[in-house]
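Here is the structure we will look at.
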Amino acid sequence: MYLPEEIRKDFPILSREVYGRPLVYLDNAATTQKPRCVVEAIMDEYYSVNANVHRGVHFLSQQATDLHEAARERVRTFLNARSTGEILFTRGTTEGLNLVAYSFGEAFLSEGDEVILTAMEHHSNIVPWQILRERKGIVLKVVPVDETGQLDMNKYERLFTPRTKLVCTTHISNVLGTVNPIRRMAKTAHSNGAFILVDAAQSVPHTQVDVQETDCDFLTFSGHKIYGPTGIGVLYGKESLLDRMPPYQGGGEMISRVTFEKTTYERLPYKFEAGTPDYVGSHALSVALDYVEKTGMENIAAHEHKLLQYATERMTHIPGLRIYGETADKGAVISFNIDGIHPMDLGTLLDRLGIAIRTGHHCAQPLMQRFGVEGMARASFALYNTLSEVDAFADGLERVRKMF
């Protein structure tokens with residue numbers, strides 16, 4: 001039986017108070033809290049194993065290297081990648097997207113080539129491609145979003161031309177909660193001779209993601225959104241593509257041999273990992289992945305869906321409240337506004353009640369423009385949230401609404 005009350009014991013921060021009230025943390029799409037085992041793994045490695053990885057011959061270096069590479073294998077099995085050569089460690093989703101924009105762009109894109117984005121992308125999957133457009137003259141096309149928050153798949157399929165080289169899409173929208181049909185999108189891209197890059201920052205923490213089943217060419221996510229530490233992330237890429245892409249950065253670790261005349265690069269994945277990696281973060285990420293798999297991805301998804309349904313039901317009875325994103329099988333995110341209340345004011349007043357939500361444009365300003373608003377309030381759920389916290393949130397919304 002799934003017992004969030006028991007799970008919460010693994011997260012000490014959830015027992016604290018804010019302004020004299022119990023913390024209700026509903027900002028999980030921005031970052032999740034960390035279980036005790038993850039924090040202890042970080043502390044233990046610094047106290048017991050800390051040494052630079054890969055080149056050291058001494059015991060601590062070899063032990064740290066073993067933990068780092070074991071973490072890579074852990075990520076490989078978590079995503080069901082074919083080999084560890086397809087698993088690159090990054091600082092997070094943003095760096096993964098930038099790496100593909102730079103390196104794939106250098107290897108595969110020329111002036112006039114096309115990249116397809118969606119209208120629900122996070123800025124980190126828009127701006128790097130705009131920078132590439134300025135540098136190389138590529139063309140960006142955008143898949144529109146309908147009023148319910150779904151992609152217009154008919155228009156998506158009509159956007160392809162012989163110049164289309166890449167599709168960039170979020171798996172689950174950080175604003176709408178929409179779950180995009182990645183496998184279908186990949187099939188369409190491949191049938192048109194294009195590749196696909198998936199931003200999985202909002203999907204990997206909540207549902208099982210299999211890169212072979214979806215047949216995506218690239219996929220990236222952040223450790224801090226899946227109960228791991230900040231500053232560590234993953235980029236998956238098919239070896240056949242990574243082999244053809246130039247390094248993203250130069251320095252130590254990513255070389256085989258250096259002379260002043262020529263440098264040869266290291267094999268995958270190290271070609272893309274210049275400098276000392278976050279070997280403590282990678283190990284802590286592997287502990288976080290163990291934690292969610294032990295809890296059960298199906299259990300997590302079912303629990304969060306229950307929270308989402310209950311919250312949606314409670315919120316629909318609040319006068320003047322509009323929810324953005326109305327797809328049936330959406331992720332555990334609710335973005336909304338209440339007539340006459342600025343989302344910043346709403347978030348500030350809820351905070352005084354101990355309730356943490358996110359307000360603003362959520363790094364998705366084009367999507368805000370699509371729905372005709374400057375910003376939205378957003379509540380997002382995680383494996384440790386409870387129905388009683390949803391009640392506190394809904395009661396808080398009612399209280400704030402009556403104040404206005």
Side-chain angles (χ1 to χ4, degrees), residues 27-32 79 87-106 109 115-136 138 140-143 145 149 151 165-180 182 185 195-206 209 211 216-226 228-237 245 248-249 272-273 278 281 285 325 331 333 335 358-370 375-376 378 380:
D27 193 21
N28 296 287
T31 196
T32 53
L79 296 178
I87 303 299
L88 316 183
F89 285 119
T90 67
R91 290 179 299 157
T93 304
T94 297
E95 186 174 44
L97 296 170
N98 275 270
L99 191 160
V100 176
Y102 176 83
S103 296
F104 180 89
E106 285 298 306
L109 299 180
V115 173
I116 295 176
L117 311 175
T118 82
M120 63 178 71
E121 294 310 307
H122 190 281
H123 293 165
S124 59
N125 206 17
I126 299 174
V127 179
W129 303 105
Q130 292 176 328
I131 293 173
L132 187 64
R133 180 175 61 187
E134 294 171 2
R135 194 170 85 241
K136 301 197 72 170
I138 66 169
L140 301 182
K141 294 182 172 182
V142 181
V143 186
V145 174
L151 293 178
K165 295 296 191 294
L166 184 69
V167 174
C168 304
T169 180
T170 184
H171 191 177
I172 297 181
S173 168
N174 72 310
V175 176
L176 306 171
T178 305
V179 182
N180 288 323
I182 298 303
M185 296 178 75
F195 303 104
I196 186 167
L197 162 64
V198 178
D199 172 356
Q202 299 296 335
S203 59
V204 165
H206 306 286
V209 175
V211 294
C216 59
D217 299 292
F218 302 99
L219 181 142
T220 184
F221 70 93
S222 298
H224 72 96
K225 294 183 190 292
I226 189 168
T230 58
I232 188 74
V234 170
L235 172 65
Y236 157 82
M245 291 161 51
Y248 177 53
Q249 295 177 320
F272 291 99
E273 294 181 353
D278 185 1
L285 173 60
V333 173
S335 292
R358 178 76 35 165
T359 64
H361 54 64
H362 310 295
C363 293
Q365 286 180 303
L367 191 59
M368 299 298 114
Q369 295 164 12
R370 160 64 182 84
M376 301 174 186
R378 182 187 72 190
S380 49

Donor-acceptor contact present, side-chain Asp217 to main-chain Phe195, <3.5 Å: no
Plane angle bin for Phe104 and Phe218 - parallel if under 30°, tilted between 30 and 60°, otherwise perpendicular: perpendicular
Distance (rounded to the nearest 0.5 Å) between Phe89 CZ and Leu235 CG: 11.5 Å
Ser124 backbone acceptor or donor facing Thr94 side chain under 3.5 Å: no
Donor-acceptor under 3.5 Å (Asp199 side chain, Leu97 main chain): no
Exam field: side chain Thr32 to backbone Gly228, donor-acceptor pair closer than 3.5 Å: no
Any side-chain heavy-atom pair of Leu117 and Trp129 under 4.5 Å: yes
Check: Leu109 and Leu132 side chains under 4.5 Å, non-hydrogen atoms: yes
NZ on Lys225 to CG on Asn174, rounded to 0.5 Å: 7.5 Å
Steps toward side chain to side chain contact (heavy atoms under 4.5 Å, CB included) verdict (Arg135, Glu106): CA-CA 10 Å; Arg135 194 170 85 241; Glu106 285 298 306; 2.8 Å; yes
Short side-chain to backbone donor-acceptor contact, Arg358 and Ser335, under 3.5 Å: no
Intermediate values then yes/no, side chain to side chain contact (heavy atoms under 4.5 Å, CB included), Met245 and Phe272: CA-CA 9 Å; Met245 291 161 51; Phe272 291 99; 3.9 Å; yes
Reported NE2-to-OG1 distance for the pair His122 and Thr93, which is rounded to 0.5 angstrom: 8.5 Å
OH-CG distance between Tyr248 and Leu99, expressed to the nearest 0.5 angstrom: 6.5 Å
Intermediate values then yes/no, side chain to side chain contact (heavy atoms under 4.5 Å, CB included), Thr90 and Ile232: CA-CA 6 Å; Thr90 67; Ile232 188 74; over 6 Å; no
His171 backbone acceptor or donor facing Ser203 side chain under 3.5 Å: no
Any Pro128 side-chain heavy atom under 4.5 Å of Ile131 side chain: no
Thr178 side chain vs Asn180 backbone, donor-acceptor pair below 3.5 Å: no
Side-chain (Lys141) to main-chain (Val115) donor-acceptor, under 3.5 angstrom: no
Between OG1 on residue Thr359 and CE on residue Met376, distance to nearest 0.5 Å: 12.5 Å
Atom of Ile172, atom of Gly177 and distance for their closest heavy-atom approach: CG2-O, 3.7 Å
Minimal non-hydrogen separation, Ser173 against Leu367, with atom names: OG-CD2, 4.3 Å
Over all atoms of both residues, closest heavy-atom pair of Met368 and Gly360: SD-O, 4.2 Å
Ile138 versus Arg133, closest heavy-atom pair with distance: O-CG, 3.1 Å
Short side-chain to backbone donor-acceptor contact, Ser380 and Ala29, under 3.5 Å: yes
Test side chain to side chain contact (heavy atoms under 4.5 Å, CB included) applied to Leu166 and Ile116, step by step: CA-CA 6 Å; Leu166 184 69; Ile116 295 176; over 6 Å; no
Least distance between heavy atoms, Gly281 atom then Pro229 atom: O-CG, 3.8 Å
4.5 Å side-chain heavy-atom contact, Val198 and Val211: no
With Thr169, the side-chain contact (heavy atoms from CB on, under 4.5 Å) member among Leu197, Asn125, Ile182: Ile182
Close side-chain approach of Leu176 and Val333, heavy atoms under 4.5 Å: no
Min side-chain heavy-atom separation Leu151-Met120 under 4.5 Å: yes
Approximate separation, where rounding is to 0.5 Å, of Gln365 CD and Glu121 CD: 15.0 Å
Validation row: Ile87, Val234 side chains within 4.5 angstrom (heavy atoms): yes
Side-chain donor or acceptor of His123 paired with backbone N/O of Ala364 under 3.5 Å: yes
NZ/NE/NH1/NH2 to OD/OE distance under 4.0 Å, Asp278 and Arg91: no
